[in-house]
Amino acid sequence: MHIAALLADEAQGPSAGSVVIIGGVVVVGIILLVVLALIMSFVKLYVRAMVSGARVGWMELLGMRLRNVNGVVIVNSRIQASRAGLNITQPEMESHLLAGGNVQRVIAAMIAASKANIDLSWQTATAIDLAGRDILDAVQTSVNPKVIDVPNQAFGQTTIDGVAKDGIQLKVKARVTVRTNIKSLVGGATEDTVVARVGEGIVNAIGSAEDYKHVLENPDKISKAVLAKGLDANTAFEILSIDIGEITVGENIGAKLAADRAESDKRRFQAEAEQRRAMAVAHEQENVALQAENRAKVVLAEAEIPKAIADALSKGNIGVMDYYKFQNIQSDTAMRTAIAKPTDADKPVS
């Protein structure tokens, strides 16, 4: 009877307890599969780090995955640092990576600096990297100095032009050997500033020369004068040498300026002369007008003479005979004037 009942229950379906157990087993199985998949994804990195002497724990790998940190980059960087004898922790690397830095390039730069006996700390290296500077290139330039052309032809200028005191123009090309100053890399002026300062120093040195021939005979004076100014102050570089590559004689700027000045003076003097001529002509015209005005006054005054004579005769101040004598004097004067005038026959024959 009991056996028949059990068989009947089994035929009706599994019990609620069996369903719960089966569900629990399935969930645990899924969790184990997920954990196993994560472990399998970390196995390669874990083994690689452990074999290389830069051990990284399972929980650290899991934490990097949860923080969305590239574990491959961190493990590779730790291996590089460990092999080079650099004591840099995983949290420091993660912090720099999360800040947007290039951990692998920073580690490579620190290894290069260590090999070259350059003092470069992790804080300094990461600060330079986060500032947007290429830290590895900076270290390589510090170890292997680079040459900068002055002027920079990328800006369209081919020579640095200066004028000596004798007025002769000199065109100069220079090459500046620099190496990176790691301590001033953050906040220091860039390569363009060095080029501008060196160009300014060359122009100043040429302008201080009494004769352009002195510059051609001793081009090293330009280099020494420019180096003495300390042009690399507050820059990211240290100037090792300045070499004058080429000096070309240009135009005679002094003569050209003198000619331009003479032409300007000529135009100024011509303008002043023209002004004086115009004033003289105006003054002459004023005199002509004044002469005509005076002549008109004389005519007016002569017109008053007959009136005065008539008035004197009417008042008895002069007699008729006096008037006739006056008329004779006028006629005699007119005759003498006519005789004194030269005629065409008296004129000399040319």
Side-chain angles (χ1 to χ4, degrees), residues 34-148 154 177-194 232 235-238 240:
V34 172
V35 172
L36 182 61
L38 288 174
I39 291 175
M40 292 302 296
S41 65
F42 296 149
V43 166
K44 186 177 180 180
L45 288 176
Y46 179 82
V47 173
R48 199 153 138 217
M50 184 177 63
V51 172
S52 302
R55 184 178 177 280
V56 180
W58 292 104
M59 295 305 297
E60 293 173 342
L61 292 172
L62 180 59
M64 284 189 283
R65 174 61 65 86
L66 296 177
R67 289 188 292 272
N68 197 24
V69 174
N70 192 333
V72 176
V73 172
I74 298 299
V75 170
N76 290 340
S77 300
R78 275 183 57 83
I79 293 172
Q80 285 181 317
S82 176
R83 289 289 185 178
L86 301 177
N87 186 19
I88 302 172
T89 64
Q90 175 212 332
E92 289 177 329
M93 294 183 182
E94 282 193 53
S95 298
H96 185 62
L97 188 63
L98 290 172
N102 191 328
V103 176
Q104 289 180 311
R105 203 158 183 82
V106 171
I107 294 298
M110 292 187 66
I111 293 173
S114 177
K115 299 297 183 182
N117 293 324
I118 298 175
D119 185 16
L120 180 62
S121 64
W122 171 258
Q123 287 76 14
T124 302
T126 52
I128 294 172
D129 184 54
L130 292 177
R133 300 289 182 87
D134 191 337
I135 179 62
L136 181 57
D137 180 70
V139 172
Q140 291 173 346
T141 304
S142 182
V143 176
N144 183 22
K146 71 175 181 178
V147 177
I148 302 174
T177 304
V178 299
R179 67 182 176 190
T180 305
N181 188 350
I182 299 295
K183 295 181 180 179
S184 302
L185 195 57
V186 177
T190 60
E191 181 179 318
D192 293 339
T193 301
V194 174
D232 53 4
T235 66
F237 299 96
E238 178 185 353
L240 301 179

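Keep in mind the model is a prediction, meaning the values are calculated, not measured.
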Quick one: pull up CZ in Arg78 and CD in Glu92 and give me the separation to the nearest 0.5 Å.
10.5 Å

Summary of side-chain hydrogen bond (donor to acceptor under 3.5 Å, both in side chains) pairs that have at least one residue in residues 103-117, sequence neighbours excluded
Arg105-Asp134

Is there a side-chain contact (heavy atoms from CB on, under 4.5 Å) between Val106 and Trp122 once you walk through the steps?
CA-CA 8 Å; Val106 171; Trp122 171 258; 3.7 Å; yes

Steps toward side-chain contact (heavy atoms from CB on, under 4.5 Å) verdict (Arg133, Thr190)
CA-CA 10 Å; Arg133 300 289 182 87; Thr190 60; 3.7 Å; yes

Test of understanding: with side chain to side chain contact (heavy atoms under 4.5 Å, CB included), list the residues that count as partners of Leu130, not counting sequence neighbours.
His96, Ala99

Which heavy atom in Val103 sits nearest to a heavy atom in Met93, and how many Å separate them?
CG2-O, 3.5 Å

Report the distance from atom OG1 of Thr126 to atom CG of Leu97, rounding to the nearest 0.5 Å.
12.5 Å

Between Ile107 and Ala81, what is the shortest heavy-atom contact and its length?
CG2-N, 4.0 Å

Between Asn102 and Ile135, is the side-chain contact (heavy atoms from CB on, under 4.5 Å) condition met? List the steps.
CA-CA 10 Å; Asn102 191 328; Ile135 179 62; over 6 Å; no

Go through the structure and list residues passing side chain to side chain donor-acceptor pair (under 3.5 Å) with Lys146, not counting sequence neighbours.
Glu191

Restricting to non-hydrogen atoms, name the atom on Pro145 and the atom on Thr177 that form the minimum distance, rounded to 0.1 Å.
CB-CG2, 3.9 Å

Using side-chain contact (heavy atoms from CB on, under 4.5 Å), reason through Ile88 and Met110 one step at a time and then give a plain yes or no.
CA-CA 11 Å; Ile88 302 172; Met110 292 187 66; 3.8 Å; yes

Measuring from Glu238:CD to Thr180:OG1, what's the distance to the nearest 0.5 Å?
10.0 Å

Partners passing side chain to side chain contact (heavy atoms under 4.5 Å, CB included) against Ala84 (at least two apart in sequence or in another chain):
Leu86, Ile111

With sequence neighbours left out, the residues meeting side chain to side chain donor-acceptor pair (under 3.5 Å) with Thr124 are Ser121

For the side chain of Ser142 and the backbone of Ala138, is there at least one donor-acceptor N/O pair under 3.5 Å apart?
no

Ser95: partners by side chain to side chain contact (heavy atoms under 4.5 Å, CB included), with sequence neighbours left out
none

If you round to the nearest 0.5 Å, how far is CG of Leu136 from CD1 of Ile128?
11.5 Å

Closest approach of Ala116 to Val143 (non-hydrogen atoms, all atoms of both residues):
CB-CG2, 3.5 Å

If you measure from OG1 on Thr193 to CZ on Phe237, what distance do you get to the nearest 0.5 Å?
9.5 Å

